[in-house]
Amino acid sequence: AIILSPDRQKVLLIYHKLFYRWQQPGGHWERDPEANPLVTAQREAEEETGVVIAQSIPFNSKYPLVPLVIDTHVVPEQPKKEEPPHYHHDFRYGFVAKSEALTAQAGEVNIGDMGWFDLDAPETEELQTAIAKLRRFGLILA
């Protein structure tokens with residue numbers, strides 16, 4: 001989830017301990033009962049950060065399930081989870097938060113590992129691509 005502050009001037013990031021970098025919140029689709037990846041993105045964002053989503057900001061209002069960005073990357077082996085290296089396919093959607101209030105959720109992200117950042121702060125190319133699309137289509141100011 002690419003989550004913007006209510007004034008659309010900041011982006012919410014979490015510190016990912018596996019990749020050692022700040023990135024957008026996300027997670028895995030749960031086949032039942034989630035109908036689509038947009039629902040998953042919102043659920044994961046709210047679960048991980050306690051943020052309340054006010055609205056989604058679709059890339060194309062006629063096709064709200066089309067994500068801002070689709071990113072495929074390798075996730076390294078995770079012996080503790082008994083997971084071999086594998087690919088993740090991220091469907092990244094845009095949202096606006098109701099407020100900047102964040103709440104640590106049990107078993108999720110610690111409050112010190114999440115925060116609001118200037119839109120130019122994210123260093124990952126994938127996140128900058130999503131922010132550039134939001135700007136290009138007038139969904140956030142330049």
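The model shown is predicted, which means the values in this text are computed figures rather than measured ones.
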> Are any side-chain N or O atoms of D90 and backbone N or O atoms of R92, one a donor and one an acceptor, separated by less than 3.5 Å?
Replying inline: no
> Is there a side-chain contact between P6 and R8 (heavy atoms, below 4.5 Å)?
Replying inline: no
>> I want to check something: taking the side chain as every heavy atom from C-beta on, are Q55 and I57 in contact at a cut-off of under 4.5 Å?
In response: yes
>> Using every non-hydrogen atom in the two residues, find where A97 and V51 come nearest and quote the distance to one decimal.
In response: CB-CG2, 3.5 Å
> Given I2 and L134, is the side-chain contact (heavy atoms from CB on, under 4.5 Å) satisfied, shown in steps?
Replying inline: CA-CA 10 Å; I2 309 299; L134 289 168; 4.2 Å; yes
>> If I take atom CZ from residue R136 and atom CD1 from residue I131, how far apart are they, to the nearest 0.5 angstrom?
In response: 13.0 Å
> Atom CG in L4, atom CD in Q9: separation rounded to 0.5 Å?
Replying inline: 9.0 Å
>> Consider side-chain contact (heavy atoms from CB on, under 4.5 Å). Of I70, L65, V69, which one does P67 pass it with?
In response: I70
> How far apart are the closest heavy atoms of V39 and N36, and which atoms are they?
Replying inline: N-OD1, 2.9 Å
>> The test is side-chain contact (heavy atoms from CB on, under 4.5 Å); show your working for K133 and Q128 and say whether it passes.
In response: CA-CA 9 Å; K133 278 189 177 180; Q128 281 300 329; over 6 Å; no
> So how far is it from T129 OG1 to L68 CG, rounded to the nearest 0.5 Å?
Replying inline: 10.5 Å
> How about Q24 and E48: do any of their side-chain heavy atoms sit closer than 4.5 Å?
Replying inline: no
> For the residue pair F91 and Y93, what are the closest heavy atoms and their distance?
Replying inline: O-CD1, 3.6 Å
> Rounded to the nearest 0.5 Å, how far apart are CD1 of I3 and CD1 of I53?
Replying inline: 4.5 Å
> Hey, does the side chain of N110 reach the backbone of D113 with a donor-acceptor pair shorter than 3.5 angstrom?
Replying inline: no
> Of the non-hydrogen atoms in L12 and P25, which two are nearest, and what is the gap between them?
Replying inline: O-CD, 3.7 Å
> Roughly how far, to the nearest 0.5 Å, is the NE2 atom of H73 from the NE2 atom of H86?
Replying inline: 8.0 Å
> Hey, does F95 have a side-chain heavy atom less than 4.5 Å from the side chain of L38?
Replying inline: yes
> Do the side chain of Y15 and the main chain of Q23 share a donor and acceptor less than 3.5 angstrom apart?
Replying inline: no
> Taking all non-hydrogen atoms of both residues, which atom of G112 and which atom of W22 are closest, and how far apart?
Replying inline: O-CH2, 4.1 Å
> Side chain of K10, backbone of F117: donor and acceptor closer than 3.5 Å?
Replying inline: no
> Is a side-chain donor or acceptor of W116 paired with a backbone partner of S5 at a separation under 3.5 angstrom?
Replying inline: no
> So if you build clusters from Ile, Leu, Val, Met, Phe, Trp, Tyr with side-chain heavy-atom gaps below 4.5 Å, do V11 and V52 land together?
Replying inline: no
